[in-house]
Amino acid sequence: MKLDEAKEKYIQTWGTFATNWGINRTMAQVHALLLASGKPLSTDDVMEQLEISRGNANMNLRALMDWGIVKKEFVKGDRKEYFIAEKDVWFLFKQITKERRKREIEPVVAFLEELKNVDDDSDEAKEFIKLMEDFGNVTNKINNIMDLAIKSDDHWLVGKITNLLK
């Protein structure tokens, strides 16, 4: 397989996989394109290579910057904005985990806490509160695991294990 063919297959497949994880297909394709590129790309480059509109390219580039996995890079003598993806895969994993936790897990934790405040002493209310506590316990465990992954380099043992995995 030629390099260009492999890159195209990677970009398209990564976009398809991302939809299974609840991530916008185009955002994943933009990220994959930037990851696979050996140089910073402009919005025009992204638009041309992915055959998407300027608005779609800009929206997804901004979203990737909000996630902290893409940054602007200035090219001397050029007024265009260029973008480059963070290529440290472990950093990407931790950053994406941090953002998903903030956007998905933390709101669930707060929601479940709120639902436990039922002004009712009936058996049905106690059963409902117990169910919310059980969901809360599982969600808190997931939150703690994600926190451990995010802070893995701060913990000696976990850091050693993750270095073995790298």
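Computed from a predicted structure; not experimentally measured. What you see below is based on every heavy atom in this structure, not just the backbone, and it leaves out hydrogens, waters and symmetry mates. Positions are given from 1, in the same order as the sequence printed here.
- Legend: residues meeting side-chain contact (heavy atoms from CB on, under 4.5 Å) with D120, ordered by chain and number and at least two apart, are V118, S122, A125.
- If you take CE on M132 and CD on E127, they are separated by 10.5 Å, rounding to the nearest 0.5 Å.
- With a 6.0 Å radius and a threshold of 12 heavy atoms from other residues, nucleotides or ligands, K130 has its NZ atom at or below the threshold.
- Members clustered with M59: none, using a 4.5 Å side-chain heavy-atom cutoff among hydrophobic residues.
- Applying the salt bridge (charged side-chain N to carboxylate O under 4.0 Å, His left out) rule to R25 yields no partners; only residues at least two apart in sequence or on another chain are considered.
- Q29 and Q12 share a donor-acceptor pair across their side chains, judged by distance under 3.5 Å alone.
- Under the side-chain contact (heavy atoms from CB on, under 4.5 Å) criterion, E48 pairs with no residue at all, not counting sequence neighbours.
- With K71 contributing its side chain and E86 its backbone, the two residues share no donor-acceptor pair below 3.5 Å.
- In terms of heavy-atom proximity, G15 sits nearest to A28 at CA-CB, 3.9 Å.
- Closest of all the heavy-atom pairs between A149 and K94 is O-CD, 3.4 Å.
- Counting Ile, Leu, Val, Met, Phe, Trp and Tyr side chains that sit under 4.5 Å apart, directly or through other members, V75 shares a hydrophobic cluster with Y82.
- For the residue pair S53/N56, the side-chain donor-acceptor check at 3.5 Å is not satisfied.
- Closest approach of E113 and K116 over heavy atoms only: OE2-NZ, 2.9 Å.
- Shown here are the salt bridge (charged side-chain N to carboxylate O under 4.0 Å, His left out) partners of K9, two or more places apart in sequence or in another chain: there are none.
- In this structure, the separation between CG on N144 and OG1 on T139 is 11.0 Å, given to the nearest 0.5 Å.
- Grouped with F83 in one hydrophobic cluster are Y10, I11, W14, F17, W21, I23, M27, V30, L33, L34, L35, L41, V46, L50, I52, L61, L64, M65, W67, I69, V70, L92, I96, the linkage being side-chain heavy-atom contacts under 4.5 Å among Ile, Leu, Val, Met, Phe, Trp and Tyr residues.
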Derivation and outcome, salt bridge (charged side-chain N to carboxylate O under 4.0 Å, His left out), residues D44 and R54: CA-CA 8 Å; D44 292 337; R54 179 170 304 281; 2.6 Å; yes
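- Within the structure, no pair that satisfies the ring pair (Phe, Tyr, Trp, His ring centres under 6.0 Å) test touches residues 100-145, not counting sequence neighbours.
- Applying the salt bridge (charged side-chain N to carboxylate O under 4.0 Å, His left out) rule to K126 yields no partners; only residues at least two apart in sequence or on another chain are considered.
- The two residues K80 and S42 come nearest to each other via the heavy atoms CD-CB, 4.0 Å.
- For A6, the side-chain contact (heavy atoms from CB on, under 4.5 Å) partners two or more places apart in sequence, or in a different chain, are M1.
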Residue pair I150, R101: steps toward the side-chain contact (heavy atoms from CB on, under 4.5 Å) verdict: CA-CA 10 Å; I150 292 164; R101 185 180 95 175; 4.0 Å; yes
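- A distance of 11.0 Å separates CZ of R62 from CG of N60, quoted to the nearest 0.5 Å.
- Cluster note: I142 groups with I105, V109, V138, M146 through ILVMFWY side-chain heavy atoms spaced under 4.5 Å, whether in direct contact or through intervening members.
- Between R100 and E104, at least one side-chain N (NZ, or NE/NH1/NH2) sits under 4.0 Å from a carboxylate O, which counts as a salt bridge.
- E133 is linked by a salt bridge (charged side-chain N to carboxylate O under 4.0 Å, His left out) to nothing, counting only residues two or more places apart in sequence or in another chain.
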